[in-house]
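Below: the structure, in structure tokens.
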Amino acid sequence: MTGSTTRRPPVAAIIYGVLIVAMGIAQLTDVTGFVDILSGYDVFGRWDGPAAAFIVAAELAAGIGVLACRVIPRPAAVAAGWLGIAIALIWASLATQAFVRGLDIPNCGCFGVHFGQRLRWWILLEDLYMFVLAWYAARGVRVSASTAINLRVGPSR
């Protein structure tokens, strides 16, 4: 049996990639509803719309990037891994600040208007699990603490 020129992404990258692509697609099905959900977090103000666009675009880019990590250039896969970690941190930060401030969030918004969950303490645990999964997915695409330093845009001297 001969080896293939491409390999499957690691299991964590598959799970996380599918999860955040599904989140982005769900949020796109009702953009206005997703913007309304984000406004409930009382963070972005008049920037709720651009924040929603950024979150959706970042989820889709990171998800597709980690799923395609074995066939895209390494710097793109690493960037997708870092972006995936950033997405997990954004969701965790939104939930944590809202929970601490006692905001009534009827739908956390991870899947836009779909599968809504009221913000409760276990959502913070879900966000922690999401961050750990993002970290494992990123490690699977060879992201490390020194990656950002070691990758160079141009030739090294």
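For the numbers below, each heavy atom of this structure counts, side chains included, while hydrogens, waters and symmetry mates do not. Not measured: the values here are computed from a predicted model.
Of all non-hydrogen atoms in D36 and S39, the two that sit nearest each other are O-OG, 2.6 Å. Here the closest heavy-atom approach between residue A62 and residue G84 is recorded as CB-N, 3.6 Å. Nearest approach of I72 to G65, heavy atoms of both residues: CD1-O, 3.6 Å. Residues A138 and I85 share a closest heavy-atom pair of CB-CD1, 3.6 Å. A pairwise comparison of heavy atoms in A13 and V66 identifies O-CG2, 3.6 Å as the closest pair. Nearest heavy atom pair, residue G63 against residue I20, reads N-CD1, 3.4 Å.
Within the 4.5 Å cutoff, side-chain heavy atoms of F34 are placed close to those of I55. I87 has its side chain within reach of Y16: a pair of non-hydrogen atoms, C-beta onward, lies under 4.5 Å apart. L38 is not listed as a side-chain neighbour of V43, based on a closest heavy-atom distance of 4.5 Å or more. When side chains are defined from C-beta on, Q27 counts as touching E59, because their heavy atoms get closer than 4.5 Å. Counting only heavy atoms from C-beta outward, the side chains of I25 and L60 approach each other to under 4.5 Å. For the pair M23/L19, a side-chain contact is recorded, criterion being any heavy-atom separation below 4.5 Å from C-beta on.
Within a 6.0 Å sphere centred on CZ of F44, other residues, nucleotides and ligands contribute more than 12 heavy atoms. Within a 6.0 Å sphere centred on CZ of R101, other residues, nucleotides and ligands contribute more than 12 heavy atoms.
For D30, there are no salt bridge (charged side-chain N to carboxylate O under 4.0 Å, His left out) partners two or more places apart in sequence or in a different chain.
Residues L28 and I64 share a hydrophobic cluster, clusters being chains of Ile/Leu/Val/Met/Phe/Trp/Tyr side chains in contact below 4.5 Å. Taken together through direct or relayed side-chain contacts under 4.5 Å among Ile, Leu, Val, Met, Phe, Trp and Tyr, L94 and L103 form part of one hydrophobic cluster. In the hydrophobic cluster analysis, where Ile, Leu, Val, Met, Phe, Trp and Tyr join through side-chain heavy atoms closer than 4.5 angstrom, I90 is grouped apart from V100. Grouping the Ile, Leu, Val, Met, Phe, Trp and Tyr side chains by contacts below 4.5 angstrom, directly or via other members, places I14 apart from L83.
Taking CG of D48 as the reference point, atom CD1 of I37 lies at 11.5 Å (rounded to 0.5 Å).
Taking the six-membered ring where tryptophan is involved, the planes of Y41 and W91 are perpendicular, since the angle between them exceeds 60° and thus also 30°.
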Would you sort out whether F99 and I105 count as a side chain to side chain contact (heavy atoms under 4.5 Å, CB included), showing the intermediate values?
CA-CA 9 Å; F99 187 79; I105 307 291; over 6 Å; no
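Judged by distance alone, with hydrogens and angles left aside, the side-chain atoms of T29 form a donor-acceptor pair with the main-chain N or O of A26 at under 3.5 Å.
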Using residues 126-134 as the side-chain source, report each donor-acceptor pair under 3.5 Å to any protein atom, sequence neighbours left out, with the distance given to one decimal.
from	atom 1	to	atom 2	distance (Å)
E126	OE1	Q117	NE2	3.4

